[in-house]
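Okay, structure first, notes after.
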Amino acid sequence: MTSVYVAYTGGTIGMKQTAQGFAPVPGYLENALKVQPEFQDKSLPEIHLHEYSELIDSSNITPEHWNIIAEDISNNYERYDGFVILHGTDTMAYSASALSFMLENLSKPVIFTGSQIPFSQLRSDARDNFIGAVQLAASSKIPEVCLYFHNTLYRGNCCSKTDSSGFSAYQSPNYPALASVGIDIKINKALTLTKPENPLHIHRMGSVDIGTLHMFPGVSPQVLENYLRQPVKGLVLMTYGAGNIPSNNKALVAKIKDACDRGIVIVNCSQCLKGSVDMSAYETGSILERIGVVNGADMQLETCITKLSWLLSIHEDPELVRSLMSQNLRGELRGASNSTMKTSRLPMGY
Ligand code: ASP
């Protein structure tokens, strides 16, 4: 019989109504699960629920929590067929993306899920999300970090939360769903990563000294300058369309160039949810390429932030970080098939 390790980190799925609004309460989710008849169903994999001692609203998540989740998976890796991480929806796309980079050579499914309405409430989406995630985690065909929500399995480092109230809360704009769950569970094997041969290796996430800056008409070079003060090591620049900025704002361009020259890694990430940065398309974008800004291509904002943070927390050399940002390390860049994964050419394990 397959067995699945379920880590409950907090989030709406196990929350209870309190005087201050919904909040996670220890033991509440476990008790709610015990009284649901479907969880006694013999066709479900065996479930081991582990509730974290500090249950959080995911708005409070930090890289230190990601390290705890990664270690928890690593400590239980041999004993279970797959892992479900119950997590709040607000930052689930960040956490799934971060863990995808931190867990190198993952050969078992790690599925993040949560819900928009707590388990205990009428019309909750928790039950379906939970059962679907557990069934997918029991499948040996998905050796990667995923996010499962509203009948759809997404690659964990390709998602954004795009709806704060609807049940279909996530999208993976630049990579198709890995599986859909209807009458049947259909896993698209052609889209999932291949199983690695080497053993699991955990990379810790260090402190994250990066910033993000959204371009908008009238954006001030002084604001950018403040963003780029020490100890910032990286910046995700959220640009227009195919990766463009107001290039006639010479002071702005000069500040970006100066930062690149000082070794700050600046990544060009489009404000558009779907599509890719193409820094050769317009003069307003090619200027960034010429001054040393990295192409964020079709990565989501959550992916750019977590990948940059992770690379900067394990590497000091900005040139190496720039190069790795452009390489497909965990299937985060669209259209990069397994055969074009460049992990074998990296200077150390990634
Ligand atoms: N604020 C909650 C959280 O992210 C929202 C949710 O779980 O849906 O933990």
Side-chain angles (χ1 to χ4, degrees), residues 6-33 36 47 49-70 72-73 83-100 102 110-134 136-137 145-172 181 205 208 212 273 300-303 305-306 309:
V6 179
Y8 176 44
T9 67
T12 293
I13 191 162
M15 285 189 187
K16 189 180 174 188
Q17 186 75 61
T18 70
Q20 288 75 40
F22 283 114
V25 174
Y28 190 68
L29 179 70
E30 189 169 7
N31 290 336
L33 289 178
Q36 304 278 331
I47 297 171
L49 180 69
H50 172 66
E51 183 178 280
Y52 282 13
S53 53
E54 185 205 9
L55 295 174
I56 55 166
D57 184 302
S58 77
S59 300
N60 290 321
I61 203 131
T62 64
E64 202 35 55
H65 291 102
W66 295 336
N67 288 328
I68 292 170
I69 297 171
D72 194 18
I73 292 169
F83 299 82
V84 170
I85 313 297
L86 299 178
H87 193 289
T89 60
D90 287 346
T91 59
M92 199 184 329
Y94 290 91
S95 295
S97 183
L99 265 291
S100 78
M102 294 163 70
V110 172
I111 317 273
F112 278 77
T113 197
S115 69
Q116 294 281 49
I117 300 181
F119 216 103
S120 54
Q121 303 288 301
L122 201 64
R123 291 196 317 106
S124 172
D125 52 335
R127 182 186 164 281
D128 284 352
N129 289 346
F130 184 96
I131 292 177
V134 166
L136 286 159
V145 178
C146 302
L147 189 155
Y148 177 72
F149 219 82
H150 196 57
N151 301 326
T152 311
L153 185 74
Y154 305 101
R155 174 160 293 159
N157 55 31
C158 293
C159 296
S160 293
K161 183 177 179 184
T162 55
D163 192 336
S164 64
S165 55
F167 284 148
S168 181
Y170 293 89
Q171 286 181 43
S172 170
V181 175
M205 184 75 88
V208 177
T212 66
L273 197 60
Q300 299 304 114
L301 173 66
E302 293 85 340
T303 318
I305 289 175
T306 51
S309 304

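Atoms within each ligand, like the ligands themselves, are counted from 1 in listed order.
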If we only count heavy atoms from C-beta on, is the L55 to Y28 side-chain gap below 4.5 Å? no
Give the C-alpha distance, both sets of side-chain angles, the deciding distance and a yes or no for side-chain contact (heavy atoms from CB on, under 4.5 Å) between Q116 and T89. CA-CA 7 Å; Q116 294 281 49; T89 60; 3.7 Å; yes
Taking only non-hydrogen atoms of S115 and a 4.0 Å limit, the atoms of ligand 1 in range are 8 (O)
Decide whether an N or O pair under 3.5 Å exists between D90 and ligand 1. yes
Among all protein heavy atoms in this structure, tell me which lies nearest to atom 5 (C) of ligand 1, with the distance rounded to 0.1 Å. T12 OG1, 3.3 Å
N/O separation below 3.5 Å, T89 to ligand 1: yes
Interfacing atoms of ligand 1 (cut-off 4.0 Å, heavy-atom, G11): 7 (O), 9 (O)
If a pair satisfies salt bridge (Lys or Arg N to Asp or Glu O under 4.0 Å) and one of its residues is in residues 6-25, list it, with sequence neighbours excluded. none
Answer yes if the side chains of S59 and D90 hold a donor-acceptor pair under 3.5 Å, and no otherwise. yes
Any idea which protein heavy atom is nearest atom 4 (O) of ligand 1, and the distance to it? S58 OG, 2.5 Å
S160 side chain to T162 main-chain N or O, any donor-acceptor pair under 3.5 Å? no
For atom 2 (C) of ligand 1, which candidate among L86, D57, I56 holds the nearest heavy atom? D57
Can you name the residues that form a ring-ring contact (aromatic ring centres under 6.0 Å, His included) with F149, not counting sequence neighbours? Y170
